[in-house]
Enquirer: 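Attaching a single structure in structure tokens format; questions to follow.
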Amino acid sequence: ELADRAEARRSVEMDLHRAVENSELQLYFQPQVSTKTGEIVGCETLIRWNHPTRGLIGPGSFIQHAEDSGIITRLGNWALREALSQARRLPKHMHIAVNISPLQIHSASLVSTIINALATNGIDPGRLELEITESVLMTDTEFTLDRLNQLKQIGLKISLDDFGTGFSSLSYLRRFPFDRLKIDKSFVQKLPDDVGSASIVRAIAQLGSSLSMKITAEGIETDSQLSFIKEHGCDEVQGFLTGRPIALADFLVLTGHQAENVEA
Ligand code: C2E
Ligand code: CA
Ligand code: CA
């Protein structure tokens with residue numbers, strides 16, 4: 001059984017290496033919308049795999065494999081370079097959020113990949129937001145905090161993703177000045193009726209604002225969720241209601257900036 005599992009992992013690993021080499025990976029863009037103006041102020045890039053036989057695959061079925069086998073570093077560097085290259089075509093006021101996995105934070109190539117990609121594409125570092133989860137902070141905390149500080153010195157922003165689902169240790173918030181907290185969709189989706197989720201969302205919004213962090217609510221699917229979020233001081237929303245993850249060409253249409261190939 002062990003041999004079978006090792007073989008299965010090796011096969012996914014080889015498949016993923018091929019995916020990077022054959023440009024089978026693609027970034028989708030999900031709008032992040034200001035609760036004040038209703039305008040798209042940024043996007044999160046979400047990886048997809050155009051598999052030659054299995055069709056379009058979401059990250060849920062391969063990111064963990066990539067993390068376990070270490071390929072995530074290669075895949076993550078690709079995602080960063082791709083996101084920053086595509087960012088040239090986005091309106092200049094928009095921020096671009098990229099997910100960073102735990103292993104990537106430890107990778108020696110992370111900082112140089114970011115610096116090079118920002119410079120190559122002439123992107124203001126302040127537009128790039130790295131989204132990390134608490135699991136990143138739980139191992140090797142000192143190293144990780146140093147690395148995050150190093151990244152902040154370059155000028156980019158750091159967001160704490162899926163907030164409320166992990167240990168949500170408040171000491172992390174004290175020890176590192178996150179620029180943004182993203183309230184996990186599991187709370188948002190029970191709004192407005194579930195009293196517990198409503199209290200948690202309110203509390204996170206207050207916490208964020210008193211620590212001068214921006215707050216994004218994720219997973220907004222209904223108008224009543226949106227109204228609740230607007231009332232309770234969240235800065236931005238991201239969810240199927242305000243826009244699903246879509247390919248770049250579609251995202252450019254949505255933002256009113258036609259893609260070159262759409263214009264042609
Ligand atoms: P995440 O960072 O929490 O990303 C948000 C996920 O929620 C996305 O799933 C998105 O499609 C989904 N979502 C957004 N709005 C709604 C909504 O209103 N309702 C519901 N039910 N879902 C919504 P996706 O694209 O399948 O990504 C899953 C996870 O894979 C991400 O969770 C992230 O942890 C990881 N991931 C995606 N792209 C990358 C990447 O480039 N690098 C790394 N390391 N991880 C990535
Ligand atoms: Ca994220
Ligand atoms: Ca999230």
Side-chain angles (χ1 to χ4, degrees), residues 16 19-20 24-33 40 42-50 56-87 95-107 109-110 113-114 117 128-136 157-166 168 178-191 201 204 214-226 228-229 234 236-248 250-251:
L16 275 169
V20 182
E24 291 169 16
L25 299 174
Q26 187 183 357
L27 291 183
Y28 269 36
F29 295 74
Q30 186 175 27
Q32 298 178 326
V33 171
I40 300 174
C43 56
E44 175 176 2
T45 60
L46 294 158
I47 203 164
R48 299 288 181 266
W49 183 1
N50 286 301
L56 194 69
I57 307 179
S61 39
F62 64 89
I63 283 289
Q64 194 55 53
H65 278 299
E67 181 83 30
D68 294 343
S69 62
I71 301 177
I72 192 72
T73 306
R74 195 170 171 207
L75 219 133
N77 283 344
W78 173 84
L80 275 164
R81 282 194 295 264
E82 180 72 7
L84 290 170
S85 148
Q86 307 286 23
H95 52 247
I96 305 107
V98 180
N99 291 288
I100 300 291
S101 83
L103 208 65
Q104 252 184 298
I105 284 284
H106 286 84
S107 138
S109 59
L110 179 69
T113 300
I114 292 176
L128 178 61
E129 299 194 359
L130 301 185
E131 295 194 358
I132 63 160
T133 55
E134 277 170 82
S135 55
V136 171
K157 308 264 166 50
I158 311 284
S159 305
L160 190 53
D161 202 358
D162 303 344
F163 190 70
T165 55
S168 297
F178 288 99
D179 297 284
R180 186 186 299 276
L181 296 181
K182 294 188 81 178
I183 305 178
D184 190 67
K185 54 178 172 287
S186 57
F187 302 107
V188 174
Q189 290 182 339
K190 293 193 194 112
L191 295 176
V201 168
I204 298 177
K214 294 241 184 294
I215 303 291
T216 297
E218 274 196 299
I220 308 272
E221 292 182 2
T222 67
D223 288 317
S224 55
Q225 289 163 357
L226 182 61
F228 183 97
I229 287 300
C234 294
E236 289 173 29
V237 291
Q238 181 183 340
F240 293 169
L241 181 72
T242 47
R244 286 179 179 261
I246 46 179
L248 180 71
D250 299 321
F251 185 75

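First listed ligand is number 1; within each ligand, the first listed atom is number 1.
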Enquirer: Measuring from atom 41 (O) of ligand 1, which candidate in Leu25, Ile47, Thr73 has the nearest non-hydrogen atom?
Expert: Ile47
Enquirer: When you look for heavy atoms under 4.0 Å from ligand 1, do you find them on the side chain of Asp161, its backbone, both, or neither?
Expert: side chain
Enquirer: Which residues pass the side chain to side chain contact (heavy atoms under 4.5 Å, CB included) test with Asn99, sequence neighbours left out?
Expert: Glu44, Leu46, Glu131, Asp161
Enquirer: Counting from 1, what ligand 1 atoms have a heavy atom of Gln30 closer than 4.0 Å?
Expert: 14 (C), 15 (N)
Enquirer: Looking at Asp162, which atoms of ligand 1 are within less than 4.0 Å of one of its heavy atoms?
Expert: 3 (O)
Enquirer: Kindly say whether Trp78 contributes a backbone atom to a donor-acceptor pair with the side chain of Glu82 at under 3.5 angstrom?
Expert: no
Enquirer: Give the atoms of ligand 1, by number and element, whose distance to some non-hydrogen atom of Glu218 is under 4.0 Å.
Expert: 3 (O), 5 (C)
Enquirer: What residue and heavy atom of the protein are closest to atom 7 (O) of ligand 1, and at what distance?
Expert: Lys185 NZ, 2.9 Å
Enquirer: Would you confirm whether any non-hydrogen atom of the protein falls under 4.0 Å from atom 15 (N) of ligand 1?
Expert: yes
Enquirer: Do Cys43 and Pro31 have side chains that get closer than 4.5 Å, going by heavy atoms?
Expert: no
Enquirer: Please state whether Arg244 comes within less than 4.0 angstrom of ligand 1, counting heavy atoms only.
Expert: no
Enquirer: Can you check whether a protein heavy atom sits less than 4.0 angstrom from atom 18 (O) of ligand 1?
Expert: yes
Enquirer: Taking all atoms of both residues into account, what is the closest heavy-atom pair of Ser61 and His65, and its distance?
Expert: O-CD2, 3.7 Å
Enquirer: If we ignore angles and hydrogens, is there a donor and acceptor under 3.5 Å between the side chains of Gln26 and Asn50?
Expert: yes
Enquirer: Checking Ser159 against Asp179: is there a side-chain donor and acceptor pair closer than 3.5 Å?
Expert: no
Enquirer: Measuring from atom CG of Leu80 to atom OG1 of Thr113, what distance do you get when rounded to the nearest 0.5 angstrom?
Expert: 7.0 Å
Enquirer: Whether the side chain of Gln104 engages the backbone of Ser101 through a donor-acceptor N/O pair (distance < 3.5 Å, no angle test) should be reported.
Expert: yes
Enquirer: Would you mind running through ligand 1 and noting each atom that sits below 4.0 Å from a heavy atom of Glu221?
Expert: 17 (C), 18 (O), 19 (N), 20 (C), 21 (N)
Enquirer: Relative to the heavy atoms of Gln189, which atoms of ligand 1 are at a distance of less than 4.0 Å?
Expert: 19 (N), 20 (C), 21 (N)
Enquirer: For ligand 1, which atoms have a heavy atom of Gly239 less than 4.0 angstrom away?
Expert: 15 (N), 18 (O)
Enquirer: Between Ala97 and Gln32, which heavy-atom pair has the shortest distance, and what is it?
Expert: CB-NE2, 4.2 Å
Enquirer: Give yes if a backbone or side-chain nitrogen or oxygen of Leu27 is under 3.5 Å from a nitrogen or oxygen of ligand 1, and no if not.
Expert: no
Enquirer: Would Glu129 and Arg180 pass as an ion pair if we require N to O under 4.0 Å?
Expert: yes
Enquirer: Return yes if some donor-acceptor pair links the side-chain N/O of Gln86 with the main-chain N/O of Ala83 below 3.5 Å, else return no.
Expert: no
Enquirer: Considering Thr165, Leu46, Asn99 one by one, which has a heavy atom nearer to atom 2 (O) of ligand 1 than any of the others?
Expert: Asn99
Enquirer: What distance separates Glu221 CD from Thr242 OG1, expressed to the nearest 0.5 Å?
Expert: 10.5 Å
Enquirer: Identify the heavy atoms of Leu103 and Gly70 that sit nearest to each other, and give their distance.
Expert: CD2-CA, 3.7 Å
Enquirer: Is there a donor-acceptor contact under 3.5 Å linking the side chains of Gln238 and Lys182?
Expert: yes
Enquirer: Provide, to 0.1 Å, the distance between atom 35 (C) of ligand 1 and the closest protein heavy atom, together with that atom's residue and name.
Expert: Pro59 CB, 4.2 Å
Enquirer: Which is it for Arg48 and ligand 1 at heavy atoms under 4.0 Å: side chain, backbone, both or neither?
Expert: side chain
Enquirer: Rounded to the nearest 0.5 Å, what separates atom CD1 in Ile246 from atom CZ in Phe29?
Expert: 9.5 Å
Enquirer: For atom 13 (N) of ligand 1, what is the nearest protein heavy atom, given as residue, atom name and distance?
Expert: Phe240 CE2, 3.7 Å
Enquirer: Are any of the heavy atoms in Glu44 under 4.0 Å away from ligand 1?
Expert: yes
Enquirer: Kindly identify the option in Ser101, Ala79, Pro245 whose heavy atom sits closest to atom 44 (N) of ligand 1.
Expert: Ser101
Enquirer: Check contact between Gly219 and ligand 1, using heavy atoms of the residue and a distance below 4.0 angstrom.
Expert: yes
Enquirer: Restricting to under 3.0 Å, identify the protein N, O or S atoms around the Ca ion (ligand 2) as residue plus atom.
Expert: Glu44 OE2, Asn99 OD1, Glu131 OE1, Asp161 OD2
Enquirer: So, applying side chain to side chain contact (heavy atoms under 4.5 Å, CB included) with Val188, which one of Ile220, Thr222, Leu226 is it?
Expert: Ile220
